[in-house]
Enquirer: 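Please read through the structure below; I'll follow up with questions.
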Amino acid sequence: MIPSSAVSGVGANHVQIQADDFSRMNNQANNVSEDHITISEVVFSRGRRRIFDGISLNVPRGKIVGIMGPSGTGKTTLLRLIGGQLRPERGIVEVDGRRIPQLSRKELFDVRKSMGMLFQSGALFTDLSVFDNVAFPLRIHTDLPDDMIRDLVLIKLQSVGLRGASELFPSELSGGMNRRVALARAVALDPRLIMYDEPFSGLDPIALGVVVQLIKTLNHVFGMTSIIVSHDIHETASIADLIYVISDGKVIGSGAPEELFKQDTPRVQQFIKGLPDGPVPFHYPATDFRDQLLNHDSLNHSAFR
Amino acid sequence: MQMRTIEIVVGAFMLAGLISLAVLAIRVSGFNVGAETNTYSVFAKFENVGGLVVRAKVSIAGVIVGQVAEISLDQESFTALVRMEIDSDVAKLSIDSTAAILTEGLLGGKFIGLTIGADEAYLKDGAYITDTQSSIVLEDMIGKFLMKQF
Amino acid sequence: MLASIRQLGQNGIDLITALGRAGNIWWQAIWRRPRLANAHLVFRQIYQLGVLSVVITVLSGFSIGAVLALQGYNQLVKYGSESALGLGVALVLVMEIGPVVSGLLFAGRAGSAVTAEIGLMKATEQLSSMEMIGVDPLQRIVAPRLWAGFISMPILALMFSVVGIWGSSLIGVDWLGVYEGAFWSAMQDGVDFKSHVLKGIIKSVVFGLIVTWIAVYQGYEAEPTSEGISRATTRTVVHSSVAVLVLDFFLTLVMFNF
């Protein structure tokens, strides 16, 4: 393992071949296990609210997996459990056969080198230029000379179509461009797993098309396992190999997109078809409407609370 | 901003800090840290040191020759024991010199005034001045004055 | 009644938890593994916290020195001891007002900026994404700021005192006509480097540490919303100002042999 203290060897002329890369290739060859990620019987609460109540799902290697569900069902939390930023109360979270919650801080940072994550807001470092943002993981984790890092960054930026914007700062980019740069940064170290947190939200149709295309290309060209957390059914279904629908802390339906559309579970159908009322009620739990209208005391009471 | 500019500005900032420190040391405090090394100690017992403090000056004929280093109570005689640090170049203080606690102006601080005697032998490090005159305490004086009146 | 006791207990537990978390930040960022490779980040933060606070510090130092000279002269001239003006102003500035006021200014100018910046990084998921890239934000973001506060604060306090003394000499000597020789010699006579200047520096170092520590903690623990950040920024200024004043009392108690 290359010590991470060796940040950006300034002007170093020697090219050090990365031991890291070799071990990664070997790993990939030897580890033929079908599932990249195994989550089993995971329980997680935030405060008093139980977010996951024994959730189990598997992410096959090299596939695009969509995780869908209504807002507030903890889809992002799931990604954080996989990334080790949160620890479950119970259950197993396994990435590449390594149990994430049991890892030490150092081991965890090590495992994360093989994970990329695209945050909803892009999360670019605002004090660094586009170029430096993409170069950041390379400078931290590799010992490559400056000119090589430059080439790698330009390749990544070219692949998201923003090579020309390399000198700009994140504040000068549009939302869609921001996300594309974040994508370039997420894949800078050629991770084997990439997680997308709401990659489609808040984009105009053109930017949306670009991001969908990019996710697909990255998956096919580099063979990355991809997890997409989203509630945009159409876009997710168009590229995912497998979709899990979660609600109330559990998986309520799963399968390939076309299978899922055929499933007759009412909750899944409601979500996929976007029906306003159904098993997930339109109304927030309340007392009887008629009673409340007639009972003026309770009205006064609640109006000023 | 460019890293290089930042380094220069930060360097200037730190330099300004060092200069400030130097100004405080030399111009403001007169840098009297190293002065302690070449002094010798002389002791004196006083009936009353009222108001004398450590670091008060010790002077001969108005010229500062040292400072008060320590004030403590002599447990046997119950008098105040004062240790003075006298500059080494003021070496010829006769052993019959007297020490008096004086006041600088009406409301100024107390200091010790030494008056040189006639003896040929000189005070050495750790010697005692036997002839001392205590601090004049205003209340005592007023008290005496009133007693005479009535 | 029972509820209020329970609330009190809860508050106590919350306080201890907060102290624990703050201590953990401190431990993780500073003591565990200081990295030389992050030196350039410290430089950048010294610029942000220290250099950008110079103007406000110098201006305040000058006005406070000038005011001390005016007021001090008014009192001292009644006893005919206006030559002690330099001494009085210098002692007050070096031991108390220099470290304390520059500490308060530092809390307002630099502390609030640190909290807002880190809070915003948290809200925009920059800290999370840094963690996911495999970089510890405590070392990359927090540690350089703590070091920068530790280094910048004494420099600012020294500048404050020097400019204040200069300001008082301008007013006292050049305007009010205190005899210049007496002004400076009384000062040099009465101010001792070890027992006055150095203790003032120690105070300012402590203030620098505590202010940046509070600022960093508040930013790091801020609720990642716009209200959360604004509340955290306010808390930074309030908590660190109070901390400076209270600590000043205890440091004075300990260092000046009471």
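The model shown is predicted, which means the values in this text are computed figures rather than measured ones.
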Enquirer: Let me know if A/Leu124 has heavy atoms under 4.5 Å from chain C in its side chain, its backbone, both or neither.
Expert: backbone
Enquirer: Please look at A/Asn133 and chain C and tell me whether the side chain, the backbone, both or neither of the residue comes under 4.5 angstrom of a heavy atom of that chain.
Expert: neither
Enquirer: Please give me the minimum heavy-atom distance between C/Ile133 and A/Pro137, naming the atom from each residue.
Expert: CG2-CB, 3.7 Å
Enquirer: When only pairs under 4.5 Å are counted, which of A/Ala186, A/Ala123, A/Ala182 shares the most heavy-atom pairs with chain C?
Expert: A/Ala123
Enquirer: If you measure from CG on C/Asp136 to CD1 on A/Ile140, what distance do you get to the nearest 0.5 Å?
Expert: 11.0 Å
Enquirer: What's the separation between atom CD1 in C/Ile141 and atom CG in A/Asp127, rounded to the nearest 0.5 Å?
Expert: 7.0 Å
Enquirer: Crowded around A/Arg150 CZ? As in, over 12 foreign heavy atoms under 6.0 Å?
Expert: no
Enquirer: Hey, could you give me the CG/CE distance between A/Leu118 and C/Met132, rounded to the nearest 0.5 Å?
Expert: 11.5 Å
Enquirer: Which one of C/Arg140, C/Gln126, C/Met121 satisfies the side chain to side chain contact (heavy atoms under 4.5 Å, CB included) criterion with A/Phe125?
Expert: C/Gln126
Enquirer: Determine whether a donor-acceptor pair (N or O, by modelled atom type, separation under 3.5 Å) exists between the side chain of A/His141 and the backbone of C/Val135.
Expert: no
Enquirer: With side chain to side chain contact (heavy atoms under 4.5 Å, CB included) as the criterion, how do A/Arg185 and C/Ser129 come out once you've worked through the C-alpha distance, each side chain's angles and the decisive distance to 0.1 Å?
Expert: CA-CA 10 Å; A/Arg185 185 181 67 183; C/Ser129 76; 3.3 Å; yes
Enquirer: By a 4.5 Å heavy-atom criterion (distance strictly below it), what part of A/Met115 contacts chain C: side chain, backbone, both, or neither?
Expert: both
Enquirer: Short question: side chain of A/Gln85, backbone of C/Ser128 - any donor-acceptor pair under 3.5 Å?
Expert: yes
